[in-house]
Each structure stands twice: as C-alpha cells, then as structure tokens.
K.L.:
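Got a structure for you, questions after.
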Amino acid sequence: MFGFNKKQRLIEGPVEFTAQVEIDRPASEVFPLVDLADPRFKEAQMGASVAPAPGSDVKYELTIADMDDVVFHFTVLERIEGSKIEMEAVIEPRINALEKSTETKVIEPISDSACRVTSTTLATFDPELSDEDVAGEIAIMNMAVMGDLEKLKVLAEEGLEALKAMEEAEMGLDIEFDLGELDIDWDDIEPEQ
C-alpha cells in the first residue's frame, strides 16, 4: 500500500565510471588507438578482428580468437577526429552481468608531445542482480576502465610488445618464485602422516 515492502534496489540505472591518464604522445597519435575505424585501434593491434557491420558506417563487430562465439557490437554515437569518440557496446551472447555500456573517450592536448585522455563509461547491469552482486560488478568494471587506460598509455608510449608483456603478466604467466631467498630449514619439514 505504501510501498514499504517493495524490494527496490539501492543501485539503479546506468553506473558511471570515469578515469583519466596523461600520455606522453600527441593527441593525433593517441586518437587512432581508440578509433574503431582505424587499423591502429588498440584491440585490433592485440589480435581482435574488427569489421564494419554490413550496411552501416557507424556499427562495428569485434571478435576475439579465444572467444569465437562471442560478438562485441559497437555503435559509434559521436566521433570528432582527434579529440572524441563515443560508442555503445553490447556483447552477444551476454557473458556477464553487463547489459550494455556507453563509453566516451575525450583526448585533450596538454602540449605538442602529450595529451590527457578522459574515459567515461556508463554501464547498465542486469536488473535482476542483487545490490551485492551489482556492487561486485561495479568493482570489476572500475578495474576494467582503469586497466583499459593503463593499457592505452603503455601501447602509445612503449609499443605493442610492451602491451603484450603487460597482458601476459596480468594473466599470471610472468610469476616467478625464488625459494632460495627464504630462510627455510627443509629438514624440519615433514610430510603429514
């Protein structure tokens, strides 16, 4: 009657994520790395297949070899050469709780040889999720947005090989253990009987 018993989520609507990074490269060199239409687009350089959707000059389909049954559908909502790109993304089939996202990257020159990239993402999550689950998704998305800008910076400043090394390290392929540094008396360790 008064709505006291209605189960209403505390977190509703799109959630906004914003991150910013300064890159020691001119804006004109960084913009192609975020532009789906450019062969230098970051994801394309990392091996993703990016193709215009049939019959459209603003829709693109991105696929990744390891996820060949998943298609990332992008629609470019606004593109200002060298300074801004805004696009909507939908993943089919959906592989997580993210229903869609709208991502805007604004690139501002701060000198002749450096720029600032501001990334704003509006993420819409599955409305059936609990507040606890949405909070978890928010944490994951926040790390993804920050990580995306870190990777953009590495690619722009250090090149493709440095970015590949960074991604390999993230996946745990670059973990080394040096047990020689530990002060362990191996004779005192006995297997449990």
Side-chain angles (χ1 to χ4, degrees), residues 8-38 40-46 48 50 58-60 62 64 70 72-92 94-158 160 162-163 166-167 169-171:
Q8 186 173 0
R9 285 181 31 187
L10 297 174
I11 304 167
E12 289 194 18
V15 180
E16 182 174 310
F17 302 87
T18 302
Q20 194 173 77
V21 69
E22 290 186 7
I23 299 177
D24 290 328
R25 288 288 182 267
S28 61
E29 290 181 23
V30 174
F31 185 77
L33 305 179
V34 299
D35 184 7
L36 284 156
D38 196 293
R40 296 169 287 180
F41 178 56
K42 178 173 68 75
E43 303 307 328
Q45 287 193 55
M46 291 299 292
V50 181
V58 296
K59 294 182 184 257
Y60 295 84
L62 182 145
I64 301 170
V70 177
F72 297 79
H73 297 277
F74 290 95
T75 302
V76 177
L77 305 173
E78 183 178 10
R79 182 184 181 279
I80 301 171
E81 178 67 37
S83 65
K84 180 180 180 184
I85 190 154
E86 180 179 355
M87 55 192 158
E88 182 179 87
V90 176
I91 304 169
E92 287 185 355
R94 201 168 83 197
I95 56 175
N96 53 24
L98 182 66
E99 287 192 336
K100 71 174 183 174
S101 64
T102 302
E103 182 177 323
T104 305
K105 286 198 171 57
V106 176
I107 303 171
E108 305 166 281
I110 53 177
S111 74
D112 289 343
S113 61
C115 64
R116 179 180 303 107
V117 179
T118 303
S119 177
T120 304
T121 301
L122 294 174
T124 303
F125 298 105
D126 184 337
E128 300 299 315
L129 292 180
S130 68
D131 284 329
E132 183 179 321
D133 290 339
V134 171
E137 292 295 326
I138 288 172
I140 292 167
M141 191 70 168
N142 191 51
M143 290 186 337
V145 169
M146 299 290 287
D148 183 56
L149 280 187
E150 289 173 17
K151 291 174 183 178
L152 179 64
K153 180 177 175 70
V154 168
L155 178 59
E157 292 180 354
E158 301 174 41
L160 184 58
L163 178 57
M166 178 185 187
E167 289 204 340
E170 281 181 357
M171 296 180 73

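Keep in mind that this is a model prediction, so the values were computed, not measured. The figures that follow rest on heavy atoms only: side chains count, while hydrogens, waters and symmetry mates do not.
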K.L.:
Within this structure, what is the CZ-CG distance for the pair Arg40 and Leu155, rounded to the nearest 0.5 Å?
P.N.:
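Between atom CZ of Arg40 and atom CG of Leu155 there are 11.0 Å.
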K.L.:
Could you tell me which non-hydrogen atom of Ile64 sits nearest to which non-hydrogen atom of Phe72, and how far apart they are?
P.N.:
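Looking at all heavy atoms of both residues, the shortest contact is CD1-CE1, 4.0 Å.
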K.L.:
Could you check if a side-chain atom of Leu62 sits within less than 4.5 angstrom of a side-chain atom of Phe41, using non-hydrogen atoms only?
P.N.:
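In contact.
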K.L.:
Let's go through Arg94 and Glu99 carefully: what are the C-alpha distance in whole Å and the side-chain angles of both, what is the deciding distance for side chain to side chain contact (heavy atoms under 4.5 Å, CB included) to 0.1 Å, and is it a yes or a no?
P.N.:
CA-CA 7 Å; Arg94 201 168 83 197; Glu99 287 192 336; 3.3 Å; yes
K.L.:
To the nearest 0.5 Å, what is the distance between CD (Gln20) and NZ (Lys105)?
P.N.:
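Between atom CD of Gln20 and atom NZ of Lys105 there are 13.0 Å.
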K.L.:
Measure across Ile85 and Leu36 and return the closest heavy-atom pair with its distance rounded to 0.1 Å.
P.N.:
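Smallest heavy-atom distance, with atoms named: CD1-N, 4.3 Å.
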K.L.:
Apply side chain to side chain contact (heavy atoms under 4.5 Å, CB included) to the pair Glu137 and Val15, showing each step before the final yes or no.
P.N.:
CA-CA 10 Å; Glu137 292 295 326; Val15 180; over 6 Å; no
K.L.:
Over all heavy atoms of both residues, which pair between Ala37 and Tyr60 is shortest? Give the atoms and the distance, please.
P.N.:
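Looks like CB-OH, 3.3 Å.
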K.L.:
Step by step, would you call Val117 with Val106 a side chain to side chain contact (heavy atoms under 4.5 Å, CB included)?
P.N.:
CA-CA 6 Å; Val117 179; Val106 176; over 6 Å; no
K.L.:
Are any non-hydrogen side-chain atoms of Glu86 and Thr102 less than 4.5 angstrom apart?
P.N.:
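The answer is yes, as the side chains (C-beta and beyond) meet within the 4.5 Å cut-off.
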K.L.:
Can you tell me how far NZ of Lys153 sits from CG of Leu33, rounded to the nearest 0.5 angstrom?
P.N.:
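Here the interatomic distance stands at 13.0 Å.
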K.L.:
Are Arg79 and Glu81 ion-paired here, with the side-chain N under 4.0 Å from a carboxylate O?
P.N.:
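Counted as a salt bridge, because a side-chain N and a carboxylate O are separated by less than 4.0 Å.
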K.L.:
Inspect the surroundings of CD in Glu78 and state if more than 12 heavy atoms from other residues, nucleotides or ligands are less than 6.0 Å away.
P.N.:
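Check passes, neighbour count above 12.
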K.L.:
Using the side chain to side chain contact (heavy atoms under 4.5 Å, CB included) rule, take Glu157 and Ile23 through it: C-alpha gap first, then chi angles, then the decisive distance, then the call.
P.N.:
CA-CA 7 Å; Glu157 292 180 354; Ile23 299 177; 3.9 Å; yes
K.L.:
Quick one: closest heavy-atom pair of Phe31 and Ile107, and the distance?
P.N.:
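Minimum heavy-atom contact is CA-CD1, 3.6 Å.
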K.L.:
Check Val30 against Ala156 and note the closest heavy-atom contact, atom names and distance.
P.N.:
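So the two residues come closest at CG2-CB, 4.2 Å.
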K.L.:
Once you round to the nearest 0.5 Å, how far does OG1 of Thr121 lie from CG of Asp148?
P.N.:
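Taking OG1 in Thr121 and CG in Asp148, the distance rounds to 7.5 Å.
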K.L.:
Mind checking whether Gln45 and Leu163 have side chains closer than 4.5 Å, heavy atoms only?
P.N.:
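Counting from C-beta outward, Gln45 and Leu163 never come under 4.5 Å.
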K.L.:
Side chains of Met46 and Lys151: closer than 4.5 Å at any heavy-atom pair?
P.N.:
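The answer is no, as the side chains (C-beta and beyond) never meet within the 4.5 Å cut-off.
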K.L.:
Which heavy atom of Ile138 sits nearest to which heavy atom of Phe125, and what is that distance?
P.N.:
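Minimum heavy-atom contact is CG1-CE1, 4.1 Å.
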K.L.:
Quick check for you: to the nearest 0.5 Å, what is the distance between His73 atom NE2 and Met87 atom CE?
P.N.:
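Rounded to the nearest 0.5 Å, the NE2-CE separation comes to 15.0 Å.
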K.L.:
With a cut-off of 6.0 Å (strictly less than), are more than 12 heavy atoms of other residues, nucleotides or ligands near CE of Met166?
P.N.:
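Yes.
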K.L.:
Nearest 0.5 Å, what's the OG-CD distance between Ser101 and Glu88?
P.N.:
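If I round to the nearest 0.5 Å, the distance is 8.0 Å.
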K.L.:
Answer yes or no: is there a side-chain heavy-atom contact under 4.5 Å between Thr120 and Phe17?
P.N.:
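A side-chain contact is absent here, since even the closest heavy-atom pair is not under 4.5 Å.
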